[in-house]
Amino acid sequence: MQIMEHIKCLIIGGGPAGYTAAIYASRAALDPVLYEGMEPGGQLTTTTMVENYPGFPGGVDANKLMADMRQQAVLLGADIRRGAVTAVDFGVRPFHITVDGTVEIEADAVIIATGATARYLGLPSETKYRGLGVSACATCDGFFYRKKVVAVVGGGDTACEEASYLAGLCRKVYMIVRRDVLRASEAMQERVKNNEKIEILWNCNTQEILGDENGVTGARLLRKDGEVFDIAVDGFFLAIGHHPQSDLFAKWIDTDENGYIITDGVGSRTNVEGVFAAGDVQDPHYRQAINAAASGCRAALDAEKYLKK
Ligand code: NDP
């Protein structure tokens, strides 16, 4: 195996965490190289307008925000490349990394910023209306449904939290729950059950998301007793879990039971010295671009300290 390149600071992942890490690492003269992976721009590119990222009083197009972050990193000297890391060996120094299955490189420090992906039901209509009424982030997109009727799929803490959040904005919120119980904690269950704007549709699965040229208009549900019925909604929110993109590192890096990388409290250090994690791959709770960006900053500062030791 021939090592083709030695990199001081390698960043894996092209979302807000990765790009911010690249901005800080460039300014710290760490000569960062960033591989963007399969989804340049990250999860934010699946939404449209971002109204809660500070600094943009009129909101900002999500793709433009990510393109600008990328551009800022490039202008400061980051080497941003297309390509996905396909294997790592954190048992050797320098660390050994394979890109796209063929390119062998080594790195002194690695920042993992591979993000997480929201789980979807897998319906063709869900793909068709993604960004046109279908969303996996109530905090990001709920604002667009003020005084409207929406549905949230799922019965976990996220679904309850998102339903409660949406109930503060919307006229009515349906929760579509596939069993006759919620998985969420007692406190969260009480919160949704006591909210008169939330109606829980028990034992229901979504067969189809309905819509027209303007986007989502409703959902067709199948109840366990065999009844098929439609509900009229303007927005359809998925809250059936996320999957952190940490599988590639599982052999080396400690994760929690859901696969989120464990870091040292507010810092970005993992159990392997010289490997840092930032963004949604290590954040099961907040999952916001601004938090991802902030943790990318922390990872770059931690990497700088490590490399200059
Ligand atoms: P969970 O895995 O806890 O819950 C997923 C929910 O989606 C379950 O109700 C599940 O149903 C349902 N579901 C899964 N697949 C489908 C499907 N194909 N169709 C319909 N429904 C489906 O995920 P969460 O994101 O809610 O939570 C992840 C972790 O984060 C948990 O540990 C949670 O406690 C934690 N969390 C904590 C919060 C807090 O403390 N404030 C806030 C948010 C999350 P079923 O129950 O039938 O499997």
Tabulate below the donor-acceptor pairs under 3.5 Å that side-chain atoms of residues 278-286 make, not counting sequence neighbours, or state none.
unit_1, atom_1, unit_2, atom_2, d
Asp280, OD2, Gln43, NE2, 3.0
Gln282, OE1, Thr263, OG1, 3.3
Gln282, NE2, Gly279, O, 2.8
Asp283, OD1, His285, N, 2.9
Asp283, OD1, Tyr286, N, 2.9
Asp283, OD2, Arg287, N, 3.1

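- The environment of CZ in Phe249 is crowded: more than 12 heavy-atom neighbours from other residues, nucleotides or ligands sit within 6.0 Å.
- The pair Asp31-Lys8 meets the salt-bridge criterion, with a side-chain N (NZ, NE, NH1 or NH2) lying under 4.0 Å from an Asp/Glu carboxylate O.
- Side-chain contacts under 4.5 Å among hydrophobic residues (ILVMFWY), followed directly or transitively, place Leu75 with no other residue at all.
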| message | Working note: Cys160 + Leu182, criterion side-chain contact (heavy atoms from CB on, under 4.5 Å); need CA distance, chi angles, decisive distance, verdict. | response | CA-CA 9 Å; Cys160 291; Leu182 294 171; 4.3 Å; yes
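- Distance check, rounded to the nearest 0.5 Å: SG of Cys9 to CD1 of Ile11 gives 4.5 Å.
- Other residues, nucleotides and ligands contribute more than 12 heavy atoms inside 6.0 Å of the CD atom of Glu227.
- Environment of NZ in Lys147: sparse, with no more than 12 heavy atoms of neighbouring residues, nucleotides or ligands closer than 6.0 Å.
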| field | Candidate pair Val272 and Phe95, rule side-chain contact (heavy atoms from CB on, under 4.5 Å), full reasoning | value | CA-CA 11 Å; Val272 176; Phe95 303 120; 4.0 Å; yes
| said: Between Thr270 and Ile262, does the side-chain contact (heavy atoms from CB on, under 4.5 Å) criterion hold? Intermediate values first, please. | reply: CA-CA 6 Å; Thr270 68; Ile262 296 169; over 6 Å; no
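- The existence of a salt bridge linking Lys64 and Asp68 is confirmed by a sub-4.0 Å separation between a basic side-chain nitrogen and an acidic carboxylate oxygen.
- Just one residue in the list Val85, Thr114, Ile112 forms a side-chain contact (heavy atoms from CB on, under 4.5 Å) with Leu248, and that residue is Val85.
- In this structure, CZ in Arg183 is found 11.5 Å from CD1 in Ile240, a value given to the nearest 0.5 Å.
- Taken to the nearest 0.5 Å, the SG atom of Cys204 stands 7.5 Å off from the CD1 atom of Ile176.
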| message | Show, in sequence, the C-alpha distance, side-chain angles and deciding distance for Leu201 and Leu221, and conclude whether the side-chain contact (heavy atoms from CB on, under 4.5 Å) test is met. | response | CA-CA 9 Å; Leu201 302 171; Leu221 309 183; 3.6 Å; yes
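- Using a 4.0 Å cut-off between charged side-chain N and carboxylate O, Arg93 and Glu106 make no salt bridge.
- The 12-atom threshold is exceeded at NZ of Lys193, counting heavy atoms of other residues, nucleotides or ligands nearer than 6.0 Å.
- In summary, Asp79 and Arg81 engage in a salt bridge, as defined by a charged side-chain N under 4.0 Å from a carboxylate O.
- Counting only distance, with no hydrogens or angles, the side chain of Asp212 and the backbone of Asn214 share a donor-acceptor pair below 3.5 Å.
- In this structure, the side chain of Lys172 does not engage the main chain of Val150 through any donor-acceptor pair within 3.5 Å.
- A salt bridge links Lys308 and Glu304; the closest N-O separation between the charged side-chain nitrogens and carboxylate oxygens is under 4.0 Å.
- The shortest heavy-atom contact between Ala17 and Ala113 is CB-CB, 3.9 Å.
- Stacking of Arg269 on the aromatic ring of Tyr306 is not recorded, the 6.0 Å distance cut-off and the 45° axial limit not both being met.
- Side chain of Asp157 to main chain of Ser185: a donor-acceptor pair is present (N/O by atom type, distance under 3.5 Å, no hydrogens or angles).
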